[in-house]
Amino acid sequence: MNENVVRLRDGMARGVLSFPLTSFGAHGGLDIAAYRAYLERQLATDPGAVFPACGTGEFAALDEDEYREVITAAVDVAAGRLPVVAGIGYGWAQARRFARIAEAAGADALLVLPHYLSRAPQDGLVEQLRRIADATPLPLIAYQRDHVAFTPESVRRIAEIPTVVGLKDGHSDLDRLQRLTLAAPEGFLFFNGAATAEIQARAYATVGVPAYSSAVHAFAPEIAGAFFRALKAGDEATTERLLRDFYVPFVELRDTTPGYAVSLVKAAARLRGLPVGPVRAPLTDPGPAHLAELERLLTRGLDLVGA
């Protein structure tokens, strides 16, 4: 098995998967120095792997030069301590361009974000991954959410592509997901990529998918880490307390406004003094009322874990 895949598997078992925000300055430009400082703080909390320039990192708002800077900085800051899995996306032709940039920057693997706009048949979803795989030797993780949803037969087919090593699930259809895990070969990687994945982490674990990404880690690794440890230890009291008093109210606030899966996370990071800056259009930053509620939730969550 590819050494990078082994490291990724080990990381997924060891800690939450970190999806860092991308730092922009007050006028909207990429602030790479701030991004490096932010990454240093995030990686000091020992996540299982880091996924720069993905959905939380506003991949769709980056041009190729900015993307190159972001991935290069992530690889440099990680310094081999943990796997770096870069986001790529759009159609296969553009995804191949981003894959080559990430490969040159030293990324260990790639997360293939859902393609742009159009719904596609299963044959097309498989061919999309095959064409990307033809352009890079890096391990690929497919990401299903929104208009991308693989069938068990398609999972069998993509697993036959030598460099496709796993699937991130954002649909939270556990019946379907169980069918996918049973269709995949032994060793194929699955992880929970639902928005605010902690909400469904226990349910995913029941179908054999305990690993998950954590948007909360992007602004409060203390909370994300406490939840991960409690879940792993079977500490139901702590798990339920964090879900009831922090995660569920956070999700309720997140669901009030489109785009808050990123905007609210970035606002929370700013409340903590992290140098991430504003979101880029078409996302919008929260207004005063939502910021006040977010600050109350953040204070409550940190108090719950003694931070």
Side-chain angles (χ1 to χ4, degrees), residues 16-32 34-35 37-39 41-42 47 50-63 66-67 70 74 87 89-90 111 113-114 116-117 143 145-147 168 170-172 192-200 212-224 227 243 246-302:
V16 299
L17 305 178
S18 173
F19 281 66
L21 300 155
T22 299
S23 298
F24 301 124
H27 299 291
L30 178 66
D31 188 338
I32 202 66
Y35 180 66
Y38 167 69
L39 272 180
R41 292 182 63 170
Q42 293 302 108
V50 61
F51 289 68
C54 292
T56 308
E58 296 179 79
F59 167 79
L62 301 174
D63 66 27
E66 291 172 327
Y67 176 84
V70 165
Y90 305 116
L111 178 67
L113 303 172
Y116 172 69
L117 189 61
Y143 185 6
R145 71 177 303 144
D146 298 328
H147 57 288
K168 177 184 179 183
H171 284 294
S172 304
N192 168 5
T196 318
E198 287 91 342
I199 289 286
Q200 301 185 61
Y212 62 89
S213 58
S214 175
V216 170
H217 184 271
F219 64 87
E222 305 95 329
I223 299 172
F227 183 89
L243 286 172
F246 173 74
Y247 281 100
V248 168
F250 178 78
V251 166
E252 290 172 349
L253 180 57
R254 183 203 71 197
D255 288 349
T256 63
T257 306
Y260 266 17
V262 176
S263 301
L264 206 64
V265 170
K266 210 163 200 183
R270 290 195 302 274
L271 286 173
R272 302 209 66 198
L274 298 171
V276 297
V279 293
R280 279 183 172 175
L283 300 179
T284 58
D285 290 309
H290 284 169
L291 280 176
E293 176 60 21
L294 177 61
E295 188 165 19
R296 285 193 292 271
L297 285 173
L298 183 56
T299 299
R300 183 190 307 166
L302 292 170

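Given the structure is predicted, the values throughout are model-derived calculations rather than measurements.
Looking at every heavy atom in both residues, Arg41 comes nearest to Gly273 through NH1-O, 4.3 Å. Heavy-atom minimum distance, Arg270 versus Val276: CG-CG2, 3.8 Å. Annotation for Pro278 and Asp285: closest pair CB-OD2, 3.3 Å, computed over non-hydrogen atoms. Residues Leu302 and Ile223 approach most closely at N-CD1, 3.8 Å, considering heavy atoms. Between Val70 and Ala53 the shortest heavy-atom distance is CG1-CB, 4.1 Å. Contact record, Phe246 with Gly301: CD1-CA, 3.8 Å, taken as the closest heavy-atom pair.
Proximity of Pro286 to Thr257: side-chain heavy atoms (C-beta onward) are nowhere separated by under 4.5 Å. Put simply, the side chain of Arg280 reaches to within 4.5 Å of the side chain of Leu62, judged on heavy atoms. Taking the side chain as every heavy atom from C-beta outward, Pro249 and Arg300 approach each other to under 4.5 Å. Under the 4.5 Å side-chain criterion, counting only non-hydrogen atoms from C-beta, Leu283 is not in contact with Lys266. Considering only heavy atoms from C-beta on, Asp146 stays 4.5 Å or farther from Pro114 through its side chain.
In this structure, the side chain of Lys168 does not engage the main chain of Arg145 through any donor-acceptor pair within 3.5 Å. In terms of modelled atom types and a separation under 3.5 Å, the side chain of Ser23 and the main chain of Pro275 share a donor-acceptor contact. In this structure, the side chain of Tyr38 engages the main chain of Ala218 through a donor-acceptor pair within 3.5 Å. Distance alone, capped at 3.5 Å, places no donor-acceptor pair between the Glu295 side chain and the Ala292 backbone. For the pair Asn192 (side chain) and Ala197 (backbone), a donor-acceptor distance under 3.5 Å is present.
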Exercise. Could you check Leu17 against Tyr212 for side chain to side chain contact (heavy atoms under 4.5 Å, CB included), going step by step and ending with a plain yes or no?
Key: CA-CA 6 Å; Leu17 305 178; Tyr212 62 89; over 6 Å; no
Practice problem: Start with the C-alpha gap between Leu294 and Phe219, add the side-chain angles, then the distance that decides, and say whether side chain to side chain contact (heavy atoms under 4.5 Å, CB included) holds. | Solution: CA-CA 12 Å; Leu294 177 61; Phe219 64 87; 5.7 Å; no
Exercise. List the steps and the verdict of side chain to side chain contact (heavy atoms under 4.5 Å, CB included) for Arg272 and Glu222.
Key: CA-CA 12 Å; Arg272 302 209 66 198; Glu222 305 95 329; 2.7 Å; yes
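Ring-centre distance between Tyr247 and Phe227: below the 6.0 Å cut-off. Between Tyr90 and Tyr116, the ring center distance fails the sub-6.0 Å criterion. Taking the six-membered ring for Trp and the full ring otherwise, Phe250 and Tyr260 have centroids separated by 6.0 Å or more.
For the atom pair OG1 of Thr196 and CG of Asp255, the computed distance is 8.0 Å after rounding to the nearest 0.5 Å. Rounded to the nearest 0.5 Å, atoms CZ (Phe19) and SG (Cys54) are 5.0 Å apart. In this structure, Tyr67 OH and Leu30 CG are separated by 13.5 Å, a value rounded to the nearest 0.5 Å. Between the OG1 atom in Thr256 and the CG atom in Leu264 there is a gap of 7.5 Å [rounded to 0.5 Å]. Expressed to the nearest 0.5 Å, how far OG1 of Thr22 lies from CD1 of Ile32 amounts to 8.5 Å.
Shown are Val265, Leu274, Leu39; of these, the side chain to side chain contact (heavy atoms under 4.5 Å, CB included) with Leu21 is made only by Val265.
Taking the salt bridge (charged side-chain N to carboxylate O under 4.0 Å, His left out) definition, one finds that Arg254 meets it with nothing, sequence neighbours left out.
Between the side chains of Gln42 and Ser18, no donor-acceptor pair of N or O atoms lies under 3.5 Å.
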